[in-house]
Amino acid sequence: MTNKEISTIFYEMADILEIKEVKWKPQAYRKAARAIEVIPENLSDIYKKGGLKTLEEIPGIGEGIGKKIVEYIETGKIKKHQELLKSLPKGFQKLMEVQGLGPKKVKILLKKKNIKNIGDLEKALKQHKLIGLKGFAEKTEENLEKGIQLFKSGKKRFDYSEVRPIAESIAKQLKKFKEVRKIIVAGSFRRKEITVGDLDVLMTAKNPIKVMDYFTKMPNVKRVLAKGKTRSAVILDSNLQVDVRVVEDKCFGAALQYFTGNKMHNISLRKIAIKKGFKLNEYGVFDKKTNQFLAGKTEEDVYNALGLKYIPPEERTNSGEIEKAMKK
DNA sequence: GCCGTTTTCGGCCCGACTGTTTTCAGTCG
């Protein structure tokens, strides 16, 4: 029994619940799944040592999910999970993994066109059967076709050692462009995770629009997913996704903090900010009432404004580092 | 379903981009 098995089940349950438009539970299951993923200890060992109560000490795991973990440890399955799986056609929630499809669109596909899996979707796309559905037009068709291709080529995570040369080469290419001032690759790469899902590149630049033009036209770009004034995303020939953001100098620290994550770490920080009467986003720490800018130029500024010591990127996983950084 | 140094009820992070629509819902990170 591995933690990975259980987190996969909870992710799956979250997807199905989302399609069923159940409120809040999807977030809860996802939060639990993410928490389980980053725990180094095996859940069944934790359970054997301390029982259900110890499982419930893990942030994001309460009575309901705790009991389901116990059920899996003892029986090898979770009844609620199997019920949810049965309530939808087999392979249906896989559709959510196609880029551009979320719970709403996937539901429309099933209801209006009886599309139950990726194969059905491919067929319908070839025959242009989706045009006319609410939210589906020509461009959507095009994007879904690309999304399926991408899905088939396998959206795997890359080993850190594998992406490192790619990340360095991208940073080098962008640095050569004179508009770019500061550049750093954030995300799971900066946290030096064992595997990296995509690259988050953060920059400050004189003319963001020009930088976006330059970035989306780099020679190893296979596909442009999005291109805006401050954010863009592409897929490289290697199938690695790269997101870039351009921010102002005074926000660089806040943005760097925000895009270095991880997600749970950031949510915890934002909650601390709220408690102090602040608001934290990628642009800085602000006074909630007056909206006055309080910090954001450097990461140290951001952590200090929240009453925390600086936390190195590798430790930002929401596994006790925040408590440790709280100043007495 | 989880959680609490204002809460055991009633909130639940937040902003950018796209495509479709005629002002916004859905998706993503």
Side-chain angles (χ1 to χ4, degrees), chain A residues 10 13-15 17-19 21-35 55-69 78 80 84 95-109 130-144 146-147 150 155 186-188 197-202 208 212 216 224-234 241-247 251 254-255 257-284 286 288 307 318 326:
Chain A
F10 287 155
M13 291 176 74
D15 283 345
L17 288 166
E18 197 155 44
I19 293 169
E21 285 175 70
V22 175
K23 297 281 175 208
W24 307 115
K25 290 188 188 185
Q27 286 95 314
Y29 277 103
R30 253 179 225 129
K31 187 181 176 188
R34 275 196 294 264
L55 287 176
E56 286 177 24
E57 278 168 23
I58 300 165
I61 294 176
E63 197 187 348
I65 290 182
K67 279 184 177 163
K68 287 186 177 70
I69 294 173
I78 295 170
K80 183 77 195 168
L84 284 172
L95 277 170
M96 293 252 292
E97 287 174 36
V98 176
Q99 277 224 34
L101 284 185
K104 297 279 159 59
K105 284 207 160 82
V106 145
K107 220 175 155 180
I108 291 174
L109 288 176
L130 304 183
I131 303 237
L133 287 180
K134 194 174 172 225
F136 292 81
E138 256 174 66
K139 193 79 186 176
T140 316
E141 272 199 332
E142 215 175 283
N143 286 338
L144 288 180
K146 287 174 181 165
L150 197 72
K155 266 190 300 177
S188 53
D198 60 11
L199 291 179
D200 291 293
V201 181
L202 193 66
M212 290 308 182
T216 50
V224 178
L225 293 171
K227 181 172 172 247
K229 286 194 289 261
T230 63
R231 288 187 173 195
S232 292
V234 303
Q241 182 170 330
V242 184
D243 300 339
V244 300
R245 275 95 176 179
V246 180
V247 298
C251 305
Q257 192 291 306
Y258 184 89
F259 292 115
T260 300
N262 70 7
K263 193 167 184 160
M264 292 311 300
H265 176 88
N266 287 348
I267 289 174
S268 295
L269 286 192
R270 265 169 267 161
K271 283 184 179 160
I272 290 174
I274 290 168
K275 248 185 235 165
K276 289 182 178 294
F278 302 155
K279 187 179 79 174
L280 171 66
N281 56 30
E282 62 257 58
Y283 301 109
F286 299 87
K288 196 162 191 185
N318 199 42
M326 283 189 182

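What you are looking at is a predicted structure, and each value in this text was computed from that prediction instead of being measured.
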Legend entry - Closest-nucleotide ordering on DNA chain B, the 5'-leading residue of Asp198(A) and Ile267(A): Ile267(A)

What contact category does [X] fall into here, base, sugar-phosphate, or nothing, at under 4.0 angstrom with non-hydrogen atoms?
{"X": "Glu138(A)", "answer": "sugar-phosphate"}
{"X": "Thr230(A)", "answer": "sugar-phosphate"}
{"X": "Lys68(A)", "answer": "sugar-phosphate"}
{"X": "Phe259(A)", "answer": "nothing"}
{"X": "Leu101(A)", "answer": "sugar-phosphate"}
{"X": "Pro103(A)", "answer": "sugar-phosphate"}
{"X": "Gly261(A)", "answer": "nothing"}
{"X": "Gln241(A)", "answer": "sugar-phosphate"}

Inset, instruction - First locate atom CD1 of Ile61(A), then atom CD1 of Ile69(A), and finally report the distance between them rounded to the nearest 0.5 Å. - result: 3.5 Å

What integer number of Å spans the [atom1] atoms of [N] and [M]?
{"N": "dG15(B)", "M": "dG10(B)", "atom1": "C1'", "value": "25 Å"}
{"N": "dT22(B)", "M": "dG26(B)", "atom1": "P", "value": "13 Å"}
{"N": "dT23(B)", "M": "dG19(B)", "atom1": "C1'", "value": "13 Å"}

Inset, instruction - Would you indicate, yes or no, if dT6(B) has its OP1 or OP2 atom less than 4.0 angstrom from a side-chain nitrogen or oxygen of Lys275(A)? - result: no

Inset, instruction - Considering just the side-chain nitrogens and oxygens of Asn281(A), establish if one lies under 4.0 Å of OP1 or OP2 belonging to dG15(B). - result: yes

Legend entry - Heavy atoms from other residues, nucleotides or ligands near NZ of Lys67(A) exceed 12 (cutoff 6.0 Å): no

Legend entry - Lys80(A) atom NZ, over 12 foreign heavy atoms within 6.0 Å: no

